[in-house]
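Here is how names work: the chains are called A, B, and so on, in the same order as the sequence lines, proteins then strands, and each is numbered from 1. In this text the structure is predicted, and so the values were computed from the model without any measurement.
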Protein chains: 4
Amino acid sequence: MASDSSKVLGMDSTAPEEIDSEKAPPVAPFTQLREPPTTQRGARTRAALVKAARKVFERDGYLDTRLTDITKEARCAAGSFYTYFTNKEEVLAAVLLEAQEDMMHPGMGRVQGADDPYAVLEASNRAYLAAYRRNAKLMALLEQVAQVEPEFREFRRRRGDAFIRRNARGIADLQARGVADREVDPMMASRALSGMVSVMAYNAFVLSEGQEEEGAPVDFEELVATVTRLWANALRFPGHR
Amino acid sequence: MASDSSKVLGMDSTAPEEIDSEKAPPVAPFTQLREPPTTQRGARTRAALVKAARKVFERDGYLDTRLTDITKEARCAAGSFYTYFTNKEEVLAAVLLEAQEDMMHPGMGRVQGADDPYAVLEASNRAYLAAYRRNAKLMALLEQVAQVEPEFREFRRRRGDAFIRRNARGIADLQARGVADREVDPMMASRALSGMVSVMAYNAFVLSEGQEEEGAPVDFEELVATVTRLWANALRFPGHR
Amino acid sequence: MASDSSKVLGMDSTAPEEIDSEKAPPVAPFTQLREPPTTQRGARTRAALVKAARKVFERDGYLDTRLTDITKEARCAAGSFYTYFTNKEEVLAAVLLEAQEDMMHPGMGRVQGADDPYAVLEASNRAYLAAYRRNAKLMALLEQVAQVEPEFREFRRRRGDAFIRRNARGIADLQARGVADREVDPMMASRALSGMVSVMAYNAFVLSEGQEEEGAPVDFEELVATVTRLWANALRFPGHR
Amino acid sequence: MASDSSKVLGMDSTAPEEIDSEKAPPVAPFTQLREPPTTQRGARTRAALVKAARKVFERDGYLDTRLTDITKEARCAAGSFYTYFTNKEEVLAAVLLEAQEDMMHPGMGRVQGADDPYAVLEASNRAYLAAYRRNAKLMALLEQVAQVEPEFREFRRRRGDAFIRRNARGIADLQARGVADREVDPMMASRALSGMVSVMAYNAFVLSEGQEEEGAPVDFEELVATVTRLWANALRFPGHR
DNA sequence: CATGAATGAGAGTTCATTCAT
DNA sequence: AATGAATGAACTCTCATTCAT
């Protein structure tokens, strides 16, 4: 069965095609992209801008970032920004789009059949949490911007929804195999449990960041063990003491 | 046992004294409040400003609110604002402080002893979710501002922590009574499960707001039943079903 | 009978009520004016801005005028501009509105009955040309802005139309009295002859300005005599010479 | 006798040599032209730019036209513009120069001797108005740019002056032949009457453009008849009615 | 010659904060 | 205490012009 996901926190390891399985068309800043540069030089500048944008966004936050901070970081003129993007939203969309692959966890995908459900669940959670930790700054950024720009709230929602649906299918499978509590609605349970894992990830990797000295330096393996155990319990996996 | 809580979403039904039981000193905008007005007229103006601020914040969001929007709504001059507050943060602190009482759920508090744990849990969740729903706009505001102003991120964290600790004590009690799985760490479990409920509340009452026509019009009782069931399962309450 | 007018050059000596007799509603920048200042200080600042705007517009032209040129001239901060106007168009509208009275020629109005038509015509032309000369810089400004901003093109058109209609009535009267050629359509003739006078005025007072040393320093009385003579001839006033 | 002309509106049917008969040297953008392209390819590009410029200028107006709009329309790179022109003014000069021939009316020229003055005048006016109508968009452009660029104001003035002088000669001829009122100064009368016709043309073909549905769809023949009649009357042509 | 990305000065606009009345 | 006009720093975006390829 698959990993958890997040309606709230959105960024995850779902395979791209699943995300695209959404019916609704993608939102503005992701589609209204300007034409890609034709020359090599152009491609280099654009790449420099996206890279600089990610760095500055992650460092200063979306709102405190001035367009000139980005161009300064990319060592190009203020006006050059507008050759590739129309505004701050659009660079951010480019940053997120570019980071998508990196946000996918290796493989996992669909594990079926005779596999030990508990082991699969644990591996899935570990992969999700590892990916979250790797991209923690970007996740923090996405959370911030989702509070401020409707387009990105929508973006986050879609990613989360894809995850939730995937996990819901996994839960339904397990119910069919008699491994999971048939009393719970798969979709509702998926919402709750996927959300649980993403909140834990957010707290551990975003909020506790730089707070390690303050006591409990979140232990990664303990985190994996806890969420897996609770998830399994919540679905009433049998026989695991 | 007590209600759940939220590290992420913070606003909850914990009694005030528990929040204040934090060791760390309270944060700036909540303490550096100006002296309360001496005259009656002053008290009236200040109250009008706080009321107006809440209305405008909830309607337009923290960031899109200009100070003059607030004074206009309060029907007073722009300059008057500075008689009572030094900036936007400070009015917001006042708004939140004033709303605190209203955010508490009626009673519930500590249910002890021979009570049916499942029933207590359910009642607690219902109370929490009802309070969240009542103050959904304010919760949305707090989430937004926590992404933007460190002082309010801290405020949210404290409220969440108090909840989590309280729920952790409840879990430990249940473990002692043999009602809950002793394998899980009470604190970790509380973080996860409290977070789970708050995410569900956020999704249902903030994000889905105005989306009812789009299909799943979150059923309140179903929500209560689901989170309670998952929570009980996760802690392996015995014998139910 | 009344003076000439101009479809092209618009600004004229028509009495206000005649202009308002237009059916169509007045155009944007003239109506969407911000609320007038309540305090005396505000009134002073606004007046200073309008005065400064007129000066700078007349000196530098509409297009080359920067908002800061106006505020500098008015000795106030850049931001103060926006307390009273939303943009350059709006100050210009204020300037024109304020100048309207000044643009009216003393009286003249409807001269009726037994008066010598030629004398009336001449007095009327003299008054029109004098008013034009007095406000030459403003007329130049209006011509410029009419080429650039549709709202002011419309403004110019309305003023011109009012004049043309008035003169057309005068021509019709003269035809009825047997003083004017009945072959011409009063409206068409008014368009042509009113236009003729306004072009002469524009050439003499706007284009030839500062060119006096270059030879023909337009003689005012000669101008009056010429247009009056041509106008009278064109309508075939009887018996004169 | 010759056609009318326009001091204000300048573009007309005067023969080129008459324009050049001005004493003053021609103005900047018309002389400082870059060397013509040597290669065929260069000639093609230059021609494409001039053609594109005319199209875009007429469509968007001089001020709203960006250099890149022109190069885009000409399907060439932004930089190529500077191979042939130094700035916007210079392309416009090229556009106008290229259009000159097209602006001439077929023939007419000098009609002398025993011809019926009224018929000649009418034919001349018809030719002028037809040429104006054919090139209305360009005339509108010239009016606009004359308000904004001194060089083109001068250009317009010269064209108008040539016309006025030519018509003044015609009037003097008629006075000598006893056909026209000797009281009027030929030059002044020419200014007034030439201006009259050009204003009518401007109103009919530029300002009323696209306004036909709004009522009076300027009838071309009526226009010709009116201005001819008024012109003839103004000069007191004998015998006709 | 052609290309099209890079440049950067400059304009408009917003709004928190101050302060004279 | 209340008022509301005044302030000016800060930021975004445009586009003519240059220049390396």
Hey, does the side chain of [X] come within less than 4.0 Å of [N]'s phosphate (OP1/OP2), counting only N and O?
X      : N       : result
Y84(A) : dA6(E)  : yes
S80(C) : dT7(F)  : yes
T83(C) : dG4(F)  : no
T45(A) : dA5(E)  : no
R41(C) : dA5(F)  : no
T68(B) : dC15(E) : no

With both distances under 3.5 Å as the test, what is the Watson-Crick or G-U wobble partner of dA2(F)?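 For dA2(F), the partner nucleotide comes out as dT21(E), under the 3.5 Å rule.
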Check this for me: does any side-chain nitrogen of one of R156(A) and E143(A) sit under 4.0 Å from a carboxylate oxygen of the other?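 Salt bridge present between R156(A) and E143(A).
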Please determine whether a side-chain nitrogen of the Lys or Arg among R54(B) and E58(B) lies less than 4.0 Å from a carboxylate oxygen of the Asp or Glu.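 Counted as a salt bridge, because a side-chain N and a carboxylate O are separated by less than 4.0 Å.
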Would you measure the distance from the P atom in dT21(F) across to the matching atom in dC1(E) and give it in whole Å?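 Each nucleotide's P atom is 22 Å from the other's.
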Quick check for you: among [options], whose closest atom lies nearest to any side-chain atom of [X]?
X      : options                  : result
A78(B) : dG4(E), dA5(F), dT7(E)   : dA5(F)
R66(B) : dC15(E), dC11(F), dA2(F) : dC15(E)
A77(A) : dG4(F), dT13(E), dG8(E)  : dG8(E)

Under 4.0 Å, counting only non-hydrogen atoms across every strand here, what does T39(A) touch: a base, just sugar-phosphate, or nothing?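 The residue T39(A) makes sugar-phosphate contact but no base contact.
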Just how far, in rounded Å, is C1' of dC13(F) from NZ of K88(A)?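 The answer, rounded to whole Å, is 14 Å.
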Need to verify one output field. Residue with the more 5' nearest nucleotide on DNA chain F, L67(D) or R75(C)?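 Comparing both residues, the 5'-ward one is R75(C).
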